[in-house]
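Throughout, residue positions are numbered sequentially from 1 according to the sequence presented.
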Amino acid sequence: MMLRSKVYDCGIMKKGKRGTRLERGEKAYEMKQKRAGRAVLILAALFFLNYCFCSEHWGKWKGEQYLLFDKVEMTTSNFIRQSGNELFPLLSYGKEDSYMTKVLKKTGDDLTGDFFLAVDFCADYWGDTSNLAKTSDQVPASFLEADEEKEERVRDISQETGGQKNGSMTYTKKQLSNYQFLIKNFYIVDSTTSVTAEELQGDKLASMDLSIALQGEEPKILIYHTHGSEDFADSKKGKKEDTIIGVGDELASILEHTYHIKVYHDRSVYDTIHGVLDRSKAYTYAGNHVSKLLKKYPSIEVVIDLHRDAVGGRKKLVTQINGKETAQIMFFNGMSRTAKNGDIGYLQNPNKETNLAFSLQMQLAALEQFPGFTRKIYLKGYRYNLHLKPRSLLIEAGAQTNTIQEVKNAMAPLAKLLYTVLK
């Protein structure tokens, strides 16, 4: 009513073609009220949409539905921008910086900053993917890869059997082309995902040419650690060299000094926020930074995400190589698919086939050169940033029950396997 009283106070009653100024003022006030009502309804609807779709269930929707919400974005976004200058002053008329104004402005910012960006991000997976890198670090984590919880999870390896330990092993093309043979001898398929015979054509994967030019002054291999805080049985708290990052230092050093391959080692920690372990967004943070590194160093052709595993009980993943106690390693692939809902559209991986070829060829080389060194290849449902390069590897080196030295001892045979496959 404050607006109406101000109009009365003007004392101007001059009759015009569209009525008195007072009448025109009243009509303008009523129009603004209607517009405010419409805006509030739209904001309420957007709150509902934000609640429903900014969650883990978003990924279950198909591309056609994203196109629908793309239209919602355009309509509501334009309305908020056009009405904002009138809506906010109207609801807090005469009260500068009122609480209501701040709340509504914050709501508008959140919707345009989270909901609409998320729609853009998802739409890019069905269309032009060139904007993904610049968009993905701005959308809610629930739209991206959220496989990890804040705390470390322990892997059940009670049913796991290792590779051959009684001499080197080689396999025939016929054996590798047998899907059931591959599943039985090479892979563990996590219950959260599934894999098809078409994806695991072992003879095709094993014969794929993964060689690169290893010489040059620019880096060829990138090593990073999504879970850089992972440590070992005898690690000293707060000492970076005693974590998986220190193990990465060892691998980088061997590759450079023994095999003369230039390596970029990213020693960033992505799973600790303000000193507290939090892995809920580690893959998002790591993926964003690695994407920038790949742009900065286009010579990089191999990307390795080096982890250490977490196992139950006191199980120790160790073998003997060249007379040294050596931690076993495991290659890990993401299938971008859940067993319950099928392919995850918003985690597409155009490099999945080459990823699978890389891990299988590493496994075959290990069985021939270092029997017992590798565990079976683990397949799980998400993507784990393996889409960033065709030659991407996620490696679990040892576990929390291993010593630092046991895991560092594993880097020499691992480096030799990389050289064997890439040369």
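For Asn333 against Leu386, the heavy-atom pair with the smallest separation is CA-CD1, 4.0 Å. A pairwise comparison of heavy atoms in Leu210 and Arg391 identifies O-NE, 2.9 Å as the closest pair. Nearest heavy-atom pair across Ala410 and Ala327 is CB-O, 3.4 Å. In plain terms, the two heavy atoms of Ala366 and Thr374 that are nearest each other are CB-CG2, 3.5 Å. Scanning all heavy atoms of the two residues, the minimum distance from Val189 to Ser194 falls at CG1-CA, 4.3 Å. The nearest pair of heavy atoms linking Val195 to Tyr179 is O-OH, 3.1 Å.
Ring geometry for Tyr378 against Phe332 counts as parallel: the plane angle stays under 30°, on a 0 to 90° scale with 60° as the upper cut.
Counting only heavy atoms from C-beta outward, the side chains of Leu317 and Glu396 never approach each other to under 4.5 Å. Annotation: side chain of Leu294 is in contact with side chain of Leu388 (closest heavy-atom distance under 4.5 Å). The side-chain heavy atoms of Tyr187 and Leu200, taken from C-beta on, include a pair separated by under 4.5 Å. With a 4.5 Å cut-off on side-chain heavy atoms, Glu217 and Ser299 do not count as touching. Contact of the Leu214 side chain with the Tyr419 side chain is registered, since non-hydrogen atoms from C-beta on lie closer than 4.5 Å.
Side-chain atoms of Ser336 and Asn349 form no donor-acceptor pair, as typed in the model, at a separation below 3.5 Å. Side chains of Asp234 and Thr403: no donor on one and acceptor on the other come within 3.5 Å.
In terms of modelled atom types and a separation under 3.5 Å, the side chain of Thr258 and the main chain of Leu255 share no donor-acceptor contact. Side-chain N or O atoms of Ser392 include none that pairs as donor or acceptor with a backbone N or O of Asn355 at under 3.5 Å. Formation of a donor-acceptor pair under 3.5 Å by the Asn409 side chain with backbone atoms of Glu325 is found in this model. Put simply, the side chain of Gln328 never gets that close to the backbone of Thr319: no donor and acceptor are under 3.5 Å apart. In terms of modelled atom types and a separation under 3.5 Å, the side chain of Asn351 and the main chain of His387 share a donor-acceptor contact. For the pair Arg308 (side chain) and Gly398 (backbone), a donor-acceptor distance under 3.5 Å is absent. Formation of a donor-acceptor pair under 3.5 Å by the Ser253 side chain with backbone atoms of Glu250 is not found in this model. The main-chain N or O of His225 is never found under 3.5 Å from a side-chain atom of Glu230 such that the two would form a donor-acceptor pair. Glu256 contributes a side-chain N or O that, together with a main-chain N or O of Val263, makes up a donor-acceptor pair within less than 3.5 Å. In this structure a side-chain-to-backbone donor-acceptor pair under 3.5 Å is missing from Asn322 to Lys324.
A distance of 9.5 Å separates NZ of Lys423 from OH of Tyr259, quoted to the nearest 0.5 Å. Here CD of Gln405 is found 9.5 Å from OG1 of Thr326. Values are rounded to the nearest 0.5 Å. From Met208, atom CE reaches atom CG of Asp203 across 11.0 Å, with rounding to the nearest 0.5 Å. With values rounded to the nearest 0.5 angstrom, Gln400 atom CD is found 12.5 Å from Lys315 atom NZ. Between atom CD of residue Gln361 and atom CZ of residue Phe331 there is a gap of 11.5 Å, rounded to the nearest 0.5 Å. Note that the CD1 atom of Ile395 and the CG atom of Leu418 stand 6.0 Å from one another [nearest 0.5 Å].
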Discussion item. Please evaluate residues Arg267 and Asp249 with respect to the criterion side-chain contact (heavy atoms from CB on, under 4.5 Å), reporting the C-alpha separation (whole Å), side-chain torsions for both, the decisive distance (0.1 Å), and the verdict.
Written reply: CA-CA 9 Å; Arg267 304 178 85 250; Asp249 289 337; 3.0 Å; yes
Worksheet entry | Tyr171/Phe181 under side-chain contact (heavy atoms from CB on, under 4.5 Å): CA gap, chis, key distance, verdict | CA-CA 11 Å; Tyr171 296 90; Phe181 180 86; 3.6 Å; yes
Worksheet item: Leu367 and Phe186: side-chain contact (heavy atoms from CB on, under 4.5 Å), yes or no, with the steps?
Response: CA-CA 10 Å; Leu367 290 171; Phe186 289 88; 3.7 Å; yes
Discussion item. If you apply the rule side-chain contact (heavy atoms from CB on, under 4.5 Å), what do you find for Phe232 with Ile244, and how did you get there?
Written reply: CA-CA 8 Å; Phe232 303 94; Ile244 192 64; 4.0 Å; yes
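In this view, Thr243 and Asp231, Lys240, Ile245 satisfy the side chain to side chain contact (heavy atoms under 4.5 Å, CB included) rule, not counting sequence neighbours. Applying the side-chain hydrogen bond (donor to acceptor under 3.5 Å, both in side chains) rule to Lys239 yields no partners; only residues at least two apart in sequence or on another chain are considered. Every residue meeting the salt bridge (Lys or Arg N to Asp or Glu O under 4.0 Å) condition with Lys352, not counting sequence neighbours, appears here in chain and number order: Glu199.
Sorted by first then second residue, the ring-ring contact (aromatic ring centres under 6.0 Å, His included) pairs that include residues 189-221, not counting sequence neighbours, number zero. Here ring-ring contact (aromatic ring centres under 6.0 Å, His included) pairs that include residues 193-217, with residues two or more places apart or in two chains, number zero. Evaluation of the ring-ring contact (aromatic ring centres under 6.0 Å, His included) test over residues 291-321, restricted to residues two or more places apart or in two chains, returns His227-His307, Tyr264-Tyr297.
Salt bridge present: Lys316 and Glu406 bring a charged side-chain N and a carboxylate O closer than 4.0 Å.
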